[in-house]
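A quick write-up on the structure given underneath.
As a basis for the values below, the full set of heavy atoms in this structure was taken, side chains included, without hydrogen atoms, waters or symmetry mates. Quick caveat, the model's predicted, so the values are computed rather than measured.
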Amino acid sequence: MHRWSKLFVPTLREAPADAEVASHKFLVRSGYIRQLGAGIYSYLFLGQRSINKIIGIVREEMDKIGQEFLLPAIHPAEIWEQSGRWTTMGQNMFRLQDRKGAWLCLGMTHEEVMTDIARKELRSYKQLPQIWYQIQTKFRDEPRPKSGLLRVRQFIMKDAYSFDLDAAGLDKSFDLHDQVYRTIFTRCGLDFVAVEADSGAMGGSQSQEFMVYTDAGEDLIVSCPKCHYAANIEKAISRLSPVIDLAPTGDGKPELVSTPGIATIADVAKFFSISEAQDIKCVAYMAETKSSKGESAWNPVAVFLRGDHQVNETKLLGLVKAVDLRPMQAEELERYIHGPAGFLGPIGLQHAKALGDEGLVVIADHALEGRENMVCGANKLDYHYRNVTPGRDFTWTVAVDVRNVVEGEGCPQCGSPLKVAKAVEVGHIFKLGYKYTESMGARVLDPNGKEVTPIMGSYGIGIERILTSAIEQSHDANGFWLPRSIAPFEVVVTITNATDANLVPIGERIAKDLEAAGFDVLLDDRDERAGVKFKDADLVGIPYRINVGKKAAEGRVELVTRSTATSEDVAIADVVTALRNTAGVA
RNA sequence: CGGGACGUGGCUCAGCCUGGUAGAGCACUCGCUUGGGGUGCGAGGGGUCGGCAGUUCAAAUCUGCCCGUCCCGACCA
């Protein structure tokens with residue numbers, strides 16, 4: 001049993017000035033964490049206790065499907081060079097040199113190290129499948145750490161890796177993780193949703209994120225209230241309502257129109273008295289690609305889409321296999337598109353025949369296909385075209401989906417209006433494929449004695465994000481309450497007056513009884529005013545409180561449920577039973 | 001990386017514009033008081049005013065550079 005009077009729980013009456021989100025304010029106020037630097041935090045007693053509870057659940061569930069390792073946090077550059085990620089990870093990777101000048105990095109993730117073990121040790125299909133996991137500190141030099149523990153530069157991740165003989169095996173490993181993750185997040189008391197996701201810099205095919213809805217989140221999730229469709233906006237698609245095309249004017253061919261000073265979509269729509277959906281917008285980028293040797297190249301890309309739509313850069317990056325994008329500058333616009341900003345258009349552009357070919361890549365969003373008589377820039381200052389029909393008047397390298405879904409558009413599965421909401425990513429599972437096993441040379445013999453490359457999956461859980469999203473989900477003006485499974489203590493026994501010699505033994509007795517019954521108990525025996533202890537108890541996330549006070553003389557105490565702020569009087573003899581019932585302990 | 005804000009006891013902030021002995025509340029220590037929602041009173045301790053340089057008789061205050069932290073942005077041409 002822990003006595004509050006002996007503990008270091010530095011609660012604060014006020015939140016630090018730079019805390020914005022609830023979890024950040026309360027983690028600091030409740031004495032869970034303290035900041036050391038931007039995106040770098042120390043976990044104090046209560047914080048570490050909660051983290052340990054979370055890790056315990058993760059470990060217990062992961063042990064059902066995998067084996068726990070602990071890999072180094074510091075890696076030689078060599079393995080990252082072999083996978084090609086030494087260069088593609090860019091500035092997000094912490095790099096350092098040893099005394100001999102050799103390059104090392106701090107691990108952001110551990111595909112390379114796991115694959116290194118696999119390639120050195122796995123020889124036969126008989127050794128497959130394997131699921132290896134670890135719970136370990138990761139380092140990422142985030143461009144912008146923020147929101148307390150939500151986006152940090154050092155954090156704890158449970159990362160798991162599967163090695164299978166073939167795609168069918170990977171499907172199984174993936175599904176195992178899907179099931180285990182659902183169990184883990186459920187046990188942690190999170191209200192989560194699994195969504196389709198982009199696989200991003202990690203590479204791979206199928207990808208699923210586990211998200212918790214909260215405005216503190218940085219991801220946007222598109223979901224259908226009617227059916228089960230849910231996807232990250234980086235991946236989401238939708239059905240659009242039909243747009244009524246304009247009637248052709250004149251001979252129906254593209255007609256040059258003088259549009260002096262009309263350089264924005266809004267101005268164009270106004271000038272022509274059309275809707276923005278009847279305009280074609282051009283967004284021109286330079287896209288950076290990197291070879292496996294780290295050579296960088298910038299290639300021009302022009303994206304054409306409906307005037308009222310927005311480019312989704314994640315989709316675009318994936319499509320052109322680029323690591324970075326930046327807007328074209330004026331001289332680049334002139335060189336590749338031969339037009340000035342504000343008057344860019346697709347007509348007459350010379351473009352690459354296929355992705356990967358030399359020259360300007362012209363991308364048309366799907367929403368332009370089948371449209372007629374649209375308005376677009378003429379690549380000439382102060383001129384636009386009307387009567388422009390995609391496919392007839394201009395062509396493209398590829399027609400794809402590169403736009404952002406907007407709330408209210410139709411669900412791709414059932415057509416119902418979609419919702420868009422912010423969420424925090426707490427877990428991510430994806431099928432990596434052969435990216436690492438191939439590039440790093442992992443090979444096993446199959447039953448026919450033929451050498452094959454194992455197929456890999458990768459599965460992550462952000463430990464601190466489970467804590468932060470739980471707080472975001474459950475807080476009020478006075479503090480927060482955690483699910484019993486991940487709270488630092490399940491119940492706090494508050495002796496309202498620690499100077500009352502009659503009260504103290506009763507409180508201690510109750511605390512001991514609760515502990516004997518299997519509860520994780522904190523005894524608040526501090527010589528403080530009752531109000532102070534109540535305020536602290538409300539602040540620090542413990543879901544239940546037993547008040548030992550005035551009524552103790554009559555053999556009764558109060559059981560307070562933090563989440564509902566409800567209180568019930570119970571006989572001292574019945575405290576264990578009452579808490580079991582209230583907490584729903586089997 | 002672009003833009004903005006901030007940096008003064010442990011925390012939240014005032015003082016800076018208009019240069020002249022460094023302040024408040026909370027927290028902490030001691031004494032008394034109080035004892036069911038951050039008691040009340042009194043007495044104390046604690047600050048290189050982020051750093052360096054400059055201007056000045058004199059810099060928390062003005063100027064420059066640097067460092068740190070936070071926020072917004074890094075798609076619409």
Rounded to whole angstrom, note down the P distance from B:rU61 over to B:rC28.
32 Å

A:Asn547 CG to B:rG35 P: how many Å, rounded?
18 Å

What nucleotide, of B:rC75, B:rA77, B:rU69, holds the atom closest to the side chain of A:Thr264?
B:rA77

I'd like to know whether A:Phe480 forms a ring pair (Phe, Tyr, Trp, His ring centres under 6.0 Å) with A:Tyr32, so could you lay out the CA-CA distance, the side-chain angles of the two residues, the decisive distance to 0.1 Å, and finally the verdict.
CA-CA 12 Å; A:Phe480 61 100; A:Tyr32 274 49; 5.4 Å; yes

Proximal nucleotide (of B:rC75, B:rG38, B:rG37) relative to the A:Val532 side chain:
B:rG38

Just to be sure I understand the rule, does A:Glu20 reach a base, reach only the sugar-phosphate, or reach nothing, if contact means heavy atoms closer than 4.0 Å?
sugar-phosphate

From B:rG38, B:rC75, B:rG37, nucleotide with atom closest to A:Arg545 side chain:
B:rG37

Please round to the nearest 0.5 Å and tell me the distance separating atom CD1 of A:Ile546 and atom CD1 of A:Ile506.
13.5 Å

Can you tell me how far P of B:rA74 sits from CD of A:Gln91, to the nearest Å?
19 Å

Upstream residue (5' side of RNA chain B) when A:His309 and A:His24 are each assigned their closest nucleotide
A:His24

Does the structure show a Watson-Crick or G-U wobble partner for B:rG2, both distances under 3.5 Å? Name it, or say none.
B:rC72

Any base atoms under 4.0 Å from A:Gly342, or only sugar-phosphate, or nothing? Heavy atoms, all strands.
sugar-phosphate

Quick one: label A:Ser147 by what it contacts on the DNA or RNA (base, sugar-phosphate, nothing), any heavy atom closer than 4.0 Å.
sugar-phosphate

Ignoring the backbone of A:Ala38, work out which of B:rG38, B:rC70, B:rA77 is nearest its side chain.
B:rC70

How would you label the contact of A:Glu558 with the nucleic acid (heavy atoms, under 4.0 Å): base, sugar-phosphate, or nothing?
base

Among the nucleotides B:rA77, B:rG25, B:rC70, which one has an atom lying closest to any side-chain atom of A:Asp18?
B:rC70

Taking the six-membered ring for Trp, are A:Phe304 and A:Phe394 parallel (under 30°), tilted (30 to 60°) or perpendicular (over 60°)?
tilted

Just to be sure I understand the rule, does A:Arg34 reach a base, reach only the sugar-phosphate, or reach nothing, if contact means heavy atoms closer than 4.0 Å?
nothing

For a quick check of understanding: with a heavy-atom distance under 4.0 Å over all strands, which category does A:Leu316 fall into, base, sugar-phosphate or nothing?
nothing

For A:Lys146, report the nucleic acid contact type (base, sugar-phosphate, nothing); a contact means any heavy atom under 4.0 Å.
sugar-phosphate

Gap between atoms CD and P, on A:Glu276 and B:rC75 respectively (whole Å)
19 Å

Kindly say whether, by distance alone, the side chain of A:Arg13 makes a donor-acceptor pair under 3.5 Å with the base of B:rU12?
no

Have a look at A:Pro16 and say if it touches a base, only the backbone sugar-phosphate, or nothing, with a 4.0 Å heavy-atom cut-off.
sugar-phosphate

Checking B:rG37, B:rC75, B:rG35 against the side chain of A:Asp538 (C-beta onward), the nearest is B:rG37

Angle class for the A:Phe94/A:Phe139 ring planes (parallel below 30°, perpendicular above 60°, tilted otherwise)?
perpendicular

d(CD, A:Gln310; P, B:rC75) in whole Å
11 Å

Let me confirm one number: the OG-CD1 distance from A:Ser275 to A:Ile265, rounded to the nearest 0.5 Å.
11.0 Å

Who pairs with B:rC52 - Watson-Crick or G-U, where each distance is under 3.5 Å:
B:rG64

Between the base of B:rG35 and the side chain of A:Asp527, is there a donor and acceptor pair under 3.5 angstrom?
yes

Partner of B:rG10 under the Watson-Crick or G-U wobble criteria, both distances under 3.5 Å, comes out as B:rC26

Does A:Asp536 get its side chain close enough to the base of B:rG38, under 3.5 Å, for a donor-acceptor pair?
yes

Choose from B:rC75, B:rG36, B:rG35 the nucleotide whose nearest atom is closest to any side-chain atom of A:Phe534.
B:rG36

RNA chain B: A:Lys535 or A:Ala341, which has the more 5' nearest nucleotide?
A:Lys535

With a non-hydrogen cut-off below 4.0 angstrom, is A:Asn404 in contact with a base, only sugar-phosphate, or nothing?
base

Tell me the interatomic distance from A:Asp524, atom CG, to B:rG37, atom C1', rounded to whole angstroms.
13 Å

Spacing of the P atoms in B:rC13 and B:rC30 (rounded, Å)
29 Å

Distance check, rounded to the nearest 0.5 Å: A:Leu522 atom CG versus A:Leu514 atom CG?
12.0 Å

Side-chain atoms of A:Gln35 come closest, of B:rU69, B:rA77, B:rA27, to B:rU69

Atom pair distance, as rounded to whole Å: CD in A:Glu142 and P in B:rC71
13 Å

From CG of A:Leu325 over to P of B:rG2, roughly how many Å is that when rounded to an integer?
19 Å

Less than 4.5 Å apart, any side-chain heavy atom of A:Ile221 and any of A:Glu196?
no

A:Lys321, NZ atom: more than 12 neighbouring heavy atoms under 6.0 Å
no

Considering only the P atoms, how many Å lie between B:rA27 and B:rC41, rounded to the nearest integer?
12 Å

Any strand, both distances under 3.5 Å, Watson-Crick or G-U wobble: B:rA77 pairs with none

Complementary nucleotide of B:rA59, counting Watson-Crick and G-U pairs under 3.5 Å
none

B:rG37 C1' sits how many Å from A:Asn497 CG, rounded?
14 Å

Counting any heavy atom closer than 4.0 Å, what does A:Ala284 reach on the DNA or RNA strands: base, sugar-phosphate only, or nothing?
base

Centres of the A:Phe45 and A:His2 rings: under 6.0 Å?
yes

Can you check whether any acceptor in the base of B:rG35 is under 3.5 Å from a donor in the side chain of A:Arg526, or vice versa?
no

Classify the nucleic acid contact of A:Gly37 as base, sugar-phosphate or nothing, counting any heavy atom under 4.0 Å across all strands shown.
sugar-phosphate

Given B:rC11, B:rG38, B:rC75, identify the nucleotide with an atom nearest to the side chain of A:Glu14.
B:rC11

